Amino acid sequence: MNYPEYKQPLNYGQVGTDILAWWKQNGIFEKSVSSREGQPTFVFYEGPPSANGAPGIHHVMARTVKDIFCRYQTLLGKQVNRKGGWDTHGLPIELQVEKELGITKEDIGKKISIEDYNQRCRETVMRFKAQWDDLTEKMGYWVDLDDPYITFEPEYIESCWALLKKLYDKGLLYKGYTIQPYSPAAGTGLSSHELNQPGTYRDVKDTTIVAQFKVKRDDKSEKLFVGADDAAETFILAWTTTPWTLPGNTGLAVGKNIPYVLVRTFNPYTFAPIRVVLAEALVGRYFSEKGKDASLEEFKAGDKVLPWRIEGSFKGADLVGIHYERLFGTNKGFPSFEGDERAFRVVAGDFVTTEDGTGIVHISPTFGADDFKVAQLNDIPALLVPDKDDPNKKVPIVDRTGRYVVEMGEFGGRWVKNYDGHDDSGTDYKTLDESIAIRMKGDGTAFKVEKYEHTYPHCWRTDKPVLYYPLDSWFIKTTAVKDRLIELNKTINWQPASTGTGRFGNWLENLVDWNLSRSRYWGTPLPIWRTQDGTEEICIGSIAELRQEIDKAVAAEVMTHNPIPEGATVDLHRPYVDDIFLVSPSGQPMYREPDLIDVWFDSGAMPYAQWHYPLENKETFEKNFPADFIAEGVDQTRGWFFTLHALGVMLEDSVAFKNVMANGLVLDKNGNKMSKRLGNAVDPFATIQQFGPDATRWYMIANAQPWDNLKFDLAGITEVQRRFFGTLFNTYSFYALYANLDGFQAREFDRVPHAELTELDRWILSKLQSLILEVRGYYDSYDPTKAARAIQDFVTDQLSNWHVRLSRRRFWKGELTADKKAAYETLQECLVVVSQLMAPIAPFFAEWLYQNMTNGMREEAVAKNTPLAPESVHLTLLVQANETRIDKALEERMELAQRISSLTHSLRKKSVLKVRQPLQRILVPVLNDTTREQVAKVEDLICAEVNVKHVEFLDDTSGVLVKSVKPNFKRLGQQYGARLKAVGARIQQMTPEEISTLEKTGQLAVEVDGQPITLAPDDVEIRTDDLPGWLVATDGPLTVALDVTLTDELRHEGVARELVNRLQNLRKDSGLEVQDKIRVTLASGQAGLEAAVQSFGDYIRGEIQAVALDFAADVNGGSVLEFDEYKVPVQLEVANG
RNA sequence: GGGCUUGUAGCUCAGGUGGUUAGAGCGCUACACUGAUAAUGUAGAGGUCCGUGGUUCGAGUCCACGCAGGCCCA
């Protein structure tokens, strides 16, 4: 047997297992890299997964995408090194450890030492590594698992340090602050994780104030003083639920597109005449309908209803730049302020809404994240006071315990909220907020004071309200290279493009500095040591440097001994680095800045740190930077994609990757997020085992574009398996069955010359070349879905359901003629090429198909070093399309044949004439010679397919054609515009004479709405979709009629065919082999039957391989054939030998 | 709240630059075919192309505003 044969159905899971074992045994992955040594490289970066959880089905998705392009580039002959990696630091691991130990962050350093805690993290983080490796292998993701980079290893961390030092030396690393949730009572910052604990958000009743900010009159604000014929001042209104932040106000934010109005009215507490600015949508909150346009002159102090009227309206953008007076200035005993000219002005903020308040937001940059951001963006300084310990240092007006600093005038030293638990039960007790409100009412700067209930986050430990407070943080100054980041991003090929321009592009446009600090335990420590006063610091860039500095510190007696002498193993994690003290040039001890760095720095550093660059392997790094291709989930946009890009630009002034695919999420079949809790998560191992890795991968890629979310439905895999893999397997089985019967073995040499092939063969080979071009194009442009769909359509529609179906008879009978050989060779070529084209997506099945098809050719291929010499499809070079074989006219007429056949089938169906009944002819109207010639060339195929004797063409000369016209709206629209409807209607009324004139003379003059116009042939589409007296079927411009006249001869032939069919079934049911010869006896006495056998005896005997076919009066003990009106006993004997 | 993204048949998806009758596969129904047979063909049923406005002679396609789902960020 030249070609292995298999039982139906094929066990695809087993194919996966077998091929995997074979790959391993023969080191195919290694060979796929080593065999490309010296060739151009394709650089791929593996985004490191974290192995602290079990892999899910979505990982199969992401890794399939990665694998496809690495395999494809290998098929193109490039060398694709694929170093695996593991992400090992970060909060999720810490949380998991804490959960398992039943502890909280509080307990670290108390119930458990940092050393033990980190040890536990280290053990936990790789817990699922074995499962990950297993999945990687079983799904066929080729990546080097033997030598991965691991982010917790000392060399990796050392590389990160070296990179940080580079940034430090470029002045891109600095210490600043960021606004974070802070618990004054606990004296600690709170993570977003802690803030998301249940019960932290609570309803509280706070004093709220709508404050009046007095506008300074100048050119910019003149419009707010219209008709200012009196002493009325103009104020901007802003609402706050935290009045204690008002003395710290240095700006006001409006929404650029929000409409605002200027309202003339009175202050409800001082009754002074004023004008105020607020959002138009919120006027109703502060002013009653009664007071609208009421007389301002008649208003008296103490009146309940405030009269008001609108005196102007503006967009937020019109207000930007207006200056106002500081609310609590030095004149009122408050601290002095530097930078007046930049502060106390109106800016635009995209966070401003008209949901509540006044549509204008009060900004105090030290006490709100939005405030801080908008202030930074607009260069608005914060109110700061000198630190009492260090006059060089500036601190906020609230200290770390939650009380005002002493400089705060009459409120100095007061608690912002009750953080110390003092007695606040007295009836005349006033909170700071209330005191401020009273003061402002008196000053005429409060427009409205009221108690308001809202939700506010609380510290989960102390139950006290959270303070948004500036905390020290280390930053990478990404804003310094913002323009370059944007510029270089435009050179990256994003798939889909919108992620690059939109999600990522917008993110870069609004870039802020990268906050690197994390107050945690398990991660890369910040390699910066500082003196107590912060005046001297050092950034360490390597273990060697650290060792040297320690020696200096030992010499200066800052340390007693060097804990990491030459030759000792080094762990750069906490707590070890915290116990290292260094000495400054001036002899001061230096302590490590306690923070860890953002884990995203770890992964973003992988292009360098995976090679321990810049400490060594300069050449390897340079050869592998930047990456040609990376792929991860779209959720990584601001994670890995950003840190890779940012570090690439800052360190190398280059992109870090040239092509990137951001794939979507894998949801359950109903479109819900998969989660273990909901029980709708799909187990990747079970899926792969049941359906095999190929169908799983193929389904994921073919079903939807990778960047769309995938609704994962196992039924979809079944469908792919049946429709695509099943059909391909059947096609192979068909080939194998007959090739083995004929003892046929394809060779790369002595093939039937292409010119001698039949139309059908040249057609499928033409289609095959087109497919190669198409699929290569899709892979090249990172569109695997279209590649998969094109392959699938070729296999099912063209190869199986047309070429093989119409070729079946060529394989069945007779010797190995040239035509039969051509049929084998054509199918063989198609299957081998398909195995190559599908190999990136379905690597196991492709291997299976390739080997089954080519193993018999291997010896000769190796000897002569031909394209099929490689033992694995993944080691081959992807075939190039032979464009000289592409015959568009042939492809076109084959499509005509397919469509005419389909139409004829449909006519047979309508006339209830089964395909086995031969018919005389079909009629095809043709309007031009080209169509006629095209159809004529495929007449035989059509006749065989639909069982008619011939195709008859009807042209103009037949005199039976009825033509109709359809307006070509596209052309006409451009020419006639608004008159199109009338012109179209006129065209549909064209008479046969007019059509004829247009055809013959190439133009036709008609009148539309009294205006003469001239129609050209291109303005209409002429077709014939009716043949009077005939039943017709139409498909676009094609029309077919079927001659249903039955002659005796046709009837007899129909009977003969039925007979053949029944006898074939009988052969099969009797368990005969295809090659067995038989002897048949039929019961006599049925005239029609006997006549049919008389006329078509040779045909019948040939088909059923009968040496004899006779009638006898008495046939006993056999079967009875039933068809049409016949019922005939039959005897069938084997006649071998 | 912001950015991005998706919305077309029961399900999964196609529908360059606008062109009048919106397609495929699966599923369903019926009929046929049957040396590939757990395959195949034909036909039928099934659509407010998420909604509302607008641009246009003409909108699934372009614009605006919404609605619903998703992701990321606040």
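Chain letters run A, B, ... following the sequence lines, proteins first and then strands; every chain starts at 1. What you see is a predicted model; the values in this text were computed from it and never measured.
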Inter-nucleotide C1' distance (B:G23, B:C57), Å rounded:
26 Å
Provide the distance between the two P atoms, one in B:A43 and one in B:G7, to the nearest whole Å.
29 Å
Quick one: closest heavy-atom pair of A:G349 and A:V374, and the distance?
CA-CG2, 4.2 Å
A:H905, nearest nucleotide to its side chain (from B:G25, B:U6, B:U42):
B:U42
Salt bridge (Lys or Arg N to Asp or Glu O under 4.0 Å) with A:E945: of A:R805, A:R808, A:R899, only one passes, and it is A:R805
Paired with B:A32 by Watson-Crick or G-U wobble geometry, both distances under 3.5 Å: which nucleotide is it?
B:U40
Looking at every strand, decide which applies to A:R908 at a 4.0 Å heavy-atom threshold: base, sugar-phosphate, or nothing.
nothing
Gap between atoms CG and C1', on A:L741 and B:A36 respectively (whole Å)
13 Å
B:C49 versus B:U6 - spacing of their C1' atoms, nearest Å:
14 Å
Rounded to whole Å, how long is the line connecting atom CG of A:N740 with atom P of B:A36?
15 Å
Among the nucleotides B:U6, B:U40, B:A36, whichever has the atom closest to the side chain of A:R723 is B:U40
Run A:N852 and A:Y6 through side chain to side chain donor-acceptor pair (under 3.5 Å) and show every step you take.
CA-CA 11 Å; A:N852 284 345; A:Y6 296 82; 3.1 Å; yes
Could you state the atom-to-atom distance from CD of A:Q705 to P of B:C71 in whole Å?
20 Å
Taking every non-hydrogen atom, the tightest pair across A:N489 and A:G505:
ND2-CA, 4.2 Å
Taking a pair to mean Watson-Crick or G-U wobble geometry with both distances below 3.5 Å, B:G1 pairs with B:C73
Counterpart base for B:G51, defined by Watson-Crick or G-U wobble contacts under 3.5 Å
B:C65
Check the orientation of A:W494 and A:F641. Use parallel for under 30°, tilted for 30 to 60°, and perpendicular for over 60°.
perpendicular
Check this one for me: any side-chain N or O of A:Y699 less than 4.0 Å away from OP1 or OP2 of B:U12?
no
Do A:F367 and A:F372 have side-chain heavy atoms sitting under 4.5 Å apart?
no
Is there a Watson-Crick or G-U wobble partner for B:A22 with both distances under 3.5 Å, and if so, which one is it?
none
Considering just the side-chain nitrogens and oxygens of A:S902, establish if one lies under 4.0 Å of OP1 or OP2 belonging to B:U42.
yes
Which of A:F712, A:F725, A:Y12, A:F724 passes ring pair (Phe, Tyr, Trp, His ring centres under 6.0 Å) with A:Y699? Answer is A:F712
May I ask you to verify if any side-chain N or O of A:R808 is less than 4.0 angstrom from the OP1 or OP2 atom of B:A36?
yes
Counting side-chain heavy atoms from C-beta on, which of B:G3, B:A14, B:U40 comes nearest to A:D708?
B:A14
Checking B:A74, B:G15, B:G41 against the side chain of A:A369 (C-beta onward), the nearest is B:A74
Taking any strand in view, what nucleotide pairs with B:A14 in a Watson-Crick or G-U wobble way, both distances under 3.5 Å?
none
Comparing nearest nucleotides in RNA chain B, the 5'-proximal residue of the pair A:W802, A:V634 is A:W802
Between CD1 of A:I701 and P of B:C13 the distance, given in whole Å, is 13 Å
Now, which nucleotide makes the Watson-Crick or G-U wobble pair with B:A59, with each of the two distances under 3.5 Å?
none
Quote, to the nearest angstrom, the P distance that separates B:U61 from B:G27.
32 Å
Which of the following nucleotides, B:A36, B:G15, B:A39, is nearest to the side chain of A:F734?
B:A36
Give one of base, sugar-phosphate or nothing for A:V352, where a contact means two heavy atoms less than 4.0 Å apart.
nothing
Look at the side chain of A:T727 and the base of B:A36, then say whether one donor and one acceptor between them are separated by less than 3.5 Å.
no
Roughly how many Å apart are B:U12 and B:U8, using the P atom of each and rounding to a whole number?
8 Å
Within the 4.0 Å heavy-atom criterion, would you say A:N1061 contacts the bases, only the backbone, or no part of the nucleic acid?
sugar-phosphate
pair_partner(B:A45), Watson-Crick or wobble, both distances < 3.5 Å, evaluates to none
Looking only at side-chain atoms of A:N801, point me to the closest of B:G41, B:C33, B:U5.
B:G41
Out of B:A36, B:C4, B:G15, which nucleotide sits closest to the side chain of A:K786?
B:G15
Counting the atoms with a prime plus P, OP1 and OP2 as sugar-phosphate, which does A:N709 contact under 4.0 Å by heavy atoms, base, sugar-phosphate, or nothing?
sugar-phosphate
Check every strand shown and say whether A:S906 touches a base, only sugar-phosphate, or nothing at a heavy-atom separation below 4.0 Å.
sugar-phosphate
Strand partner of B:A9, provided both Watson-Crick or wobble distances fall under 3.5 Å:
none
Choose from B:U12, B:U42, B:A36 the nucleotide whose nearest atom is closest to any side-chain atom of A:K711.
B:U12
Roughly how many Å apart are B:U42 and B:A64, using the C1' atom of each and rounding to a whole number?
47 Å
Side chain of A:R503 only, please: which of B:A14, B:C71, B:G41 is the nearest?
B:C71
When we call it a touch if two heavy atoms are under 4.0 Å apart, what does A:Q721 touch: a base, just sugar-phosphate, or nothing?
nothing
Could you tell me whether A:D713 contacts a base, only the sugar-phosphate backbone, or nothing, with contacts defined as non-hydrogen atoms closer than 4.0 Å?
nothing
Whole-Å C1' distance, B:C62 and B:U17
12 Å
For the CG atom of A:L508 and the OG1 atom of A:T478, what is their distance to the nearest 0.5 Å?
9.5 Å
CD of A:Q495 to CG of A:D783: how many Å apart, nearest 0.5 Å?
6.0 Å
Using atom P in both nucleotides, what's the gap between B:U5 and B:U48 to the nearest angstrom?
27 Å
By nearest-nucleotide position on RNA chain B, the 5'-leaning member of A:N703 and A:L1063 is A:N703
